[in-house]
Amino acid sequence: MIGRVLTWLVTAGIAAWVVFGYIGGMNLPGVPGGLGLLERIQPNTPFGFVRVENGWVYVVGGLLAVVALILLYSLAITAVSNQRSGRKRSPWPLFGQGVVHMFMWMMLFFAYYPILQIVAASFDPTNSLYRFSAPQSDNLLIRARVIPDFAQANFDNYLKLFDGVVIYAYQWVLLLVSGVALLGALGIAGYRRLKGDTKESGPLATLQSRALITFAVAFFLLIVFLSPEQFTSPNTEAKFLLWIRNTLFVSGLTGVLAVLLTATAGYAFARFNFPGRYPMLLVFIFVQMFPGFLGLIAIYTLMSNLGLLDPRYPILNFAGLVLAYSGGIVSFGTWVYKGFLESISKSLEEAALIDGATKWQAFTKVLLPLSAPMFVFIFLLQFVGTYSEFILANLLLTGSDSWTVGMGLRNFTTGQFQTKWGLFAAAAVLGSIPILLTFYGFQRYFVSGYTAGSVKE
Amino acid sequence: MYQSPPGVRGFLMSIGLLGGAMVLSFVVGLLVFWGLQAAFPRPIDNPYPGYLVLIFAVIPLIPLLILVARRFPFITDWYYLLPAITFLLAFTFYPIILTVYFGFTNYNGIRNNGKADRSTETQIVRVEGTRLVLAQPAADALRCDEPDCAGVQLEVTSDTQRARVTVAQAEGSAVELTRAPAFTPTLAYRVNAYSFIGFENFVRIFSQAGTVLWPVFVWNLVFASSTVFVSALLGLIIGLMLNNKNLKLRGFYRTALIISWAMPVVISVQVFSAMLNVQFGPVNRFLGLLGSYPIPWLTDPEWFKMSALLISLWLGFPYWMTATLGALSTISEDVYEAAKIDGATGWQTLTGITLPLLRQPFIPLLLGSFAFNFNNFGLIYLMGTQPGVEGRPSTAQAGDILITWAYKTAFQADGGQAYGLGGAISVIIFLITVAISLVNFRVTGALREVR
Amino acid sequence: MRKGWLVALGVVMGLAMAQGKLTVWTHYGGPELEWLKKTAATFEKGSGTKVEVVEVPFGDIQNKFILGAPQGQAADLIVSIPHDWVGAMAAAGVLEPMGKYTTASYVQGLNDVAVDALTYRNQLFALPMFAESVALIYNKKYVKTPPRTWDEFLKIAQENTKGNTFGFLYNIGDPYFNYGFFTAFGGSVFARSGGSLNAADLRLGGEAGQKAIGFIKDLRYKYKLVPEGVDYGVADGAFKDGSLAMIINGPWAIGDYKKAKIDFGVASFPAPPGGSAWKPFVGVQGVAMNAYSRNKTAAANFAKLLITENSQISFNQAGGRIPVSKAAVAKLKNDPVVAGFSPVIASGSPMPNIPEMGKVWGPWGNAISQAIQKPDTNVNKIVEDMVAEIRKGIGSR
C-alpha cells in the first residue's frame, strides 16, 4: 500500500517537474538553463507569417461543435431506432464510435501531413521545400502555406528521374506481364475479400498465387537484366531506376541470407540440449549490442582484403555489402526463430524421429513447412531494415551506377552546398513504393512475427 | 543416438573441434592461395582476389567436418550453428575486435595505418651503403620530433620499388640507416604510423565526462525511455479503440495508419526536419493559425529534443498500434463475456482484464524497442545540424545520443578520421548497453526461462 | 609450357589494364559532369587511354580516398578536391606531389592565391582548376546600384524586409559564409608566419572574434535582417523565388539563379560598422592524384588537359565556376559573374589547408550557432569556449 502511494507520489513529482519546470520555466532544481520550453519561444511574428490571435479558440470550438453534432446524431438515431424496435438501447456506444472516428481522422492527418508535404515538394520544380511568394488564394490555409499550393505543380522532377532511360522491347513485355500479373493478383485478392472467401485452397486462391509468382518471376528478370548501359543521360538523378534495381538486389539477397543463416541455428537452439547452449545464446544476445556499424574501418579493411571492393566488378561490391549487412541480423533472427519453434509442440517431430528420421529430416520435413510465416518475417525485417541504409553502402559501393536508393536520396540532400529537394521528394515518393507495397502486402506477417510472443531481446 | 560429454568438458571439446577444423581448413585455403600466387603469378595491379581463400578453405572443410562427425557424433548438433557462427565471427566479431583495438590506439586519418607522409617527400642525392644523403637537412624535411631522427621509419622509393627502412641517426642532410635498402632509392618519406596508447582515449573521454559523456548519456536514456513511453501509449490507445469489432472502417484505419512505420527513415526524418523549420516550416505555419508564435523546433537545444521525440512518436506509434491489435486478438472473447455478465463497466474491463493481459506480450516488445531507440542513429543523425550548447563540443550537441556522438567523433569531426577515439566511445557504448540490458533482464526475468 | 603461357597471358592482361584505364572520382553533377565526360572522351581519343568517370558524393570523397588509396581501391585522380583537404590528405600519404609534373611557366600563368592554397609544406598537391568565394549577390529588381557602405546596405536591406520579401538573408550559421566578418574586424584563423600557417597561433578569438560574432548576432537581433530558421536552403530558395534582395552566396549557385530568370549582380560586401574591408574565404579546387596510382603518367597528362586555359573557359561556361588561369579570366572579363567574383577572390585569403583546420570548423560553427540562438547570449564567453575547444583539439593530435 505504502509502495503504491510512493510510486504515485514520485510519478506526480516528475510530472510536476516536467510541466512547471521544464515546460513552464519555474525555478525548480535541474531545469536546463533555468529557462522553460515556453519561454524559449520568442514572441515575434516574422513577416509573411500568418498568425491568428487566439486561433486555437476557433479550432477547439469547432471540435466541440463536431462532438456536439455527433452527440445529437447518436441521440437522434438511437431514439428513432428504439421507437421502432421498442427496445431500450443506450446512445453512448454510438456516440463513442463517433468520437473515435473523429480522433482517427485527426490521427490520419498527423500521419499523412509529412507525406502530403513530400508529395507536394515532388511536384514543385524549384527544388525547394519553401515557397516565398505567397500563393494567390482565398483559402487561408493555402495562403499561410499550411497546405501546399498545387497551382504550379508539374512533373519536371519525375521526368528528370527517367530522363534518357532506354528500355528494350523485351523489357516492356516483362513490365507489362508483371504489371498485369500484379493487378490481377490484387484484383483477385480484393474480390475474395469482398466475397468473404478466406479459404486457403480453391481455384481463385490458386489463380492468385500463380499471378503472384508470375509477377515475381517477371519482375525478377526485369531487375536482373536492367543494365547501366540503358541509362544514357549525363545526369546523376536519371539513374534512379538503376538504384532501385541495386537496392532490391542487395536487400533481397540480404533477406535470403538472413533466413538461411538463422534457420538451422534457431532450430539447434530450440530443440537440442547440447552443453554450451546457454553460453552461446548469451553470446548471440550480447554481441549484437555492440554498435556494429562503428566498425566501419574494420569492415572496409576486411572487404578490401577479400577483394570485394574491386571497382571493376560491381557484383562483388554488392556481395561485400550483403555480407556486411548479414552480420546484423543473425543473432536477432536466430532468437526470433528459436522462440517460434519453442511455441510449436514437439510431438510431430518426435513421431518422425521414432519412425527413424534423422534430426535433419525431422527439421526439413516437419518443421520447415510450418515455418514459412516466420521466414517471411525474418526476410522482411532484413529487407526493410537495409532498404534505406546508407552509411555502410556509402563506404562499400562507389560510383552512381552502384548506388542504392538510400545513397541516392542522401546525395540529393548533401551536396557541397545545394539541397535538391524537388528531386529528393520525387525519388522518395517513387522509392518508397516498393517498401510500401511490401509492407501492405505482408502486413499480417509483421503482426504475427512481432506478436508471436517470441521476440525476447 | 549419441551422447555429448557433459558440462564444460563437452562445450570446450565441441568448440575445440569446430575451431580446429575451421582453422585447419583456413590454413589449407591460405596455403593453396599462396601456392597459386607463386605458381601462376598475376601482376600486382590485378592480383588474385582474396575471396578465393575462403573458397579454397571451404573445399577441405566439408570432408573434414564429415570425418570429425564420424569420430565424434555429438558434434553434429553444432553443425546446425556453424553457418551462423561463421558469419558472426567474420562479419561481427572481427570488426568488433578490431574496433576495440583501435580504441587503444591513436589511429586517425593522418596516422593512416603506417602510410608514407607525402608532404615529407625529400629527394635522395646519393646512397652510400647504409647512408643516404638528402637534398635538405633531414630533421626539417622529414619533420622528426628529435633532431637526430633516431628510430623514425622511412619509406624510400625508386621508380619501380619501395621499401621501409629505419633511421639509426641523422646529422644535417646525411641519414644513417640501420640496414641498407636492396635497391637505389631516389625519394624518401617519413612514415606516419599509429601507435598503442593504452587508456589515453578513455582518459580523454572521462576527463570531459561532466560536460559530454554524462549529459549525452542522460539525454540518451531520457530519449529512449520517453520515446518508447509516448509512442507505446498512443499506439495502445489507438489499438484499443480499433479493437472495437463494431467500429466501421477499422480495417481502413489500421492499414492507413501504418504508413509512418513503412516509410523509410531516410525520407521521413529529412522531411520532418524541413517541416519543422522555425519560420518557413508548415508545422509552425499551422501552429501560427492557432495563435502560437514560431516555435524554435530545431534552433533551440531543448526544443530540438522535443522535435526528436515528436518525430520518433510519428515513426513509432503504428508499431505499437499493430502490436496492441495483435496481442488483443489472442485474448479470448469469453473473458469479456464473463466480465459483462458480472456487470463490469467498460473501464473495469479495461483496467481489470485487457491491460493486465497485455502486460505479458508487451514487456519483451518494450525492452526491444528501448534497446532499438537507445541506439537510434538514423533519427538523430538525419535530423541534421543541431543547435549548439554552451560548453559542449561540436560532436555532442543538444540532441546527440551516444552513438551519433561516436559516429561524429570517428568520421566527421577532427578532419574526418579520429578512428581511435571513436573506437573507444564504441567500447563505452557497448558496456553501457550491456549493463542496461542486464538490469532489464534481471527485472523482467527474460533470461531465466530460456535456461 | 602451359604455365608459361598462363604467365604470359597474365602479364599481357595486366599491361592492358595498366595502360588502358584511368579512374576519376568526381563530385560534379549536371552540366559540369557532362563537361568532364566530354573532356575525358577527348583525352581518350588523343592518348588511347580510357577514362572512367565515377561519381562519389562530395562528403564521402575524403574518407573513401584515405581508406581506399593504399588498398588500391581508389581512383587515379580526384576532380576536384577543395584545397582545405590538401594538408590532411597529403599527411595521410594518399596524394602525389604534383610539382614534378608541372612547369614553372604553367604555374606563373595561375592566380597566386590559388597556387598558395594548394601548396602544403612547399609542395604543390593539386593542379588548380577554379576558385570560389562568397560575395554579395543582389537582385536588380530591388537593388539598383550595389551598396558601397554599410549604411547604404542597411537602408536597402531594411527597406526591402517587408511583407513577403526579404532584404538580406544568408546561411548565417555556417562559418564559411561568415569569415568575411572576422577579417573585417581583424581576425583570421591561423597566423601566417614565413609563408606557412602556424597552427599554434589561433586568431579567431580575442577582440576580433568577439566583435565578429557580436556583429553576426546583431544581424539577427539588432538590425532584424536574418530571422531564425534561415539556413542555406531558405536563403537560396528565397533568392530563386525572387523575393530576396541580397544574399551572400557563391558562384556555384549562379546556374540556378540564371535558370530562375533572376536579374542579378555580384559585388563585394561593404565593410561592417567599425570594421575594415570584408574579405571572405577563398576556396580553390584542384585536380589531385593518387600517390598509389599505377598509371601516374597518363593521370598527369589528363590532369594537365583539365586545367588548360581552354578547358577552364569551357568549364566556366558549363557551370559558372571562376577560372584561376589568368589568361582565361582575361578572356572572360565580359562575363558579369567572372568580373564580379574575380576581384573578391583576388582580395580574399585562402582557407587554411593544414590538417589542423579540421579541428576548427566544428567548434567554430557551434559558437556561431550558440551566439545567435537568443538575444541575450554571452558572446565573450562563447568565443572563449570556442578558442579553448579548438586549442584542445589541436593540442591532442
Side-chain angles (χ1 to χ4, degrees), chain A residues 32 37 40-41 43 46 49-56 59 97 100 104 111 114 117-118 129-130 144-146 261 264-265 267-268 272 274-276 278 286-287 289-291 294-295 297-299 305-307 323 326-327 330 387-388 406 409 413 428 432 436 439 447 450-451 453 455-457, chain B residues 4 6-7 10-11 49-51 77 80-81 83-84 87-88 91-92 95-96 98-99 241 247 253 257 259-260 262-264 266-267 270-272 274-275 279-280 282 285-286 288-291 293 295 300 302 322-323 326-327 361 364 367-368 371 375 403 406 419 426 429-430 433-434 446 451:
Chain A
L37 278 180
R40 288 164 180 268
I41 303 171
F49 189 94
V50 183
R51 178 167 174 269
V52 180
E53 190 75 41
N54 294 328
W56 60 275
V59 174
Q97 283 186 28
V100 165
M104 284 302 154
Q117 290 294 336
I118 190 129
L129 272 189
Y130 320 108
R145 291 163 232 165
V146 171
L261 288 178
T264 55
Y267 173 57
F272 302 164
F274 47 91
Y278 186 65
F286 284 109
V287 79
M289 289 177 191
F290 195 88
L294 291 174
I297 307 298
I299 292 174
N305 289 339
L306 287 180
L323 292 178
S326 73
V330 169
Y387 186 83
S388 65
L409 285 173
T413 51
S432 51
L436 291 181
F439 242 88
V447 177
Y450 271 118
T451 52
V455 188
K456 291 188 183 115
E457 243 188 293
Chain B
S4 161
F11 178 49
Y51 58 82
D77 279 1
Y80 289 86
L81 290 179
F87 268 75
L88 274 185
F91 302 110
T92 309
I96 287 178
L98 214 55
T99 310
M241 285 177 169
L247 189 72
Y253 290 138
L257 284 177
I259 183 96
S260 52
M263 206 72 182
V266 67
I267 297 170
Q270 295 197 74
V271 171
F272 253 105
M275 278 171 47
Q279 293 214 33
F280 307 98
R285 298 284 182 171
F286 176 71
L289 293 185
L290 303 186
Y293 289 107
I295 296 175
D300 181 278
E302 296 307 317
T322 317
L367 288 187
N375 283 338
I403 196 160
Y419 309 135
S426 313
I429 297 180
F430 177 59
T433 319
V434 169
R451 198 152 206 168

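Chain letters run A, B, ... following the sequence lines, proteins first and then strands; every chain starts at 1.
- Of all heavy-atom pairs between B:Leu257 and A:Ala111, the closest is CD2-CB, 4.1 Å.
- Of the atoms belonging to A:Val59, it is side-chain heavy atoms, and not backbone ones, that fall under 4.5 Å from chain B.
- For A:Ser388, the side chain to side chain contact (heavy atoms under 4.5 Å, CB included) partners two or more places apart in sequence, or in a different chain, are B:Pro264, B:Val266.
- Contact between A:Gly276 and B:Phe11 at its shortest, heavy atoms only, is CA-CD1, 3.2 Å.
- Considering only heavy atoms from C-beta on, B:Leu81 comes within 4.5 Å of A:Phe274 through its side chain.
- The minimum heavy-atom distance between B:Met263 and A:Ser432, with the atom names listed, is CE-OG, 3.6 Å.
- The two residues B:Val271 and A:Pro114 come nearest to each other via the heavy atoms CG1-O, 3.8 Å.
- Put simply, the side chain of A:Leu436 reaches to within 4.5 Å of the side chain of B:Ile259, judged on heavy atoms.
- Between chain A and the residues B:Ile295, B:Ile267, B:Thr92, B:Asn375, the largest count of heavy-atom pairs under 4.5 Å involves B:Ile267.
- Taken to the nearest 0.5 Å, the CG atom of B:Asp300 stands 9.0 Å off from the CD1 atom of A:Ile41.
- When every heavy atom of B:Thr99 is checked against every heavy atom of A:Gly295, the shortest pair comes out as OG1-CA, 3.2 Å.
- One distance of note links CE of A:Met104 with CE of B:Met241; it measures 5.5 Å at 0.5 Å rounding.
- With a 4.5 Å cut-off on non-hydrogen atoms, B:Leu88 touches chain A through its side chain but not through its backbone.
- Contacts with chain A were tallied for B:Tyr80, B:Phe87, B:Tyr51; B:Tyr80 has the most, counting heavy-atom pairs under 4.5 Å.
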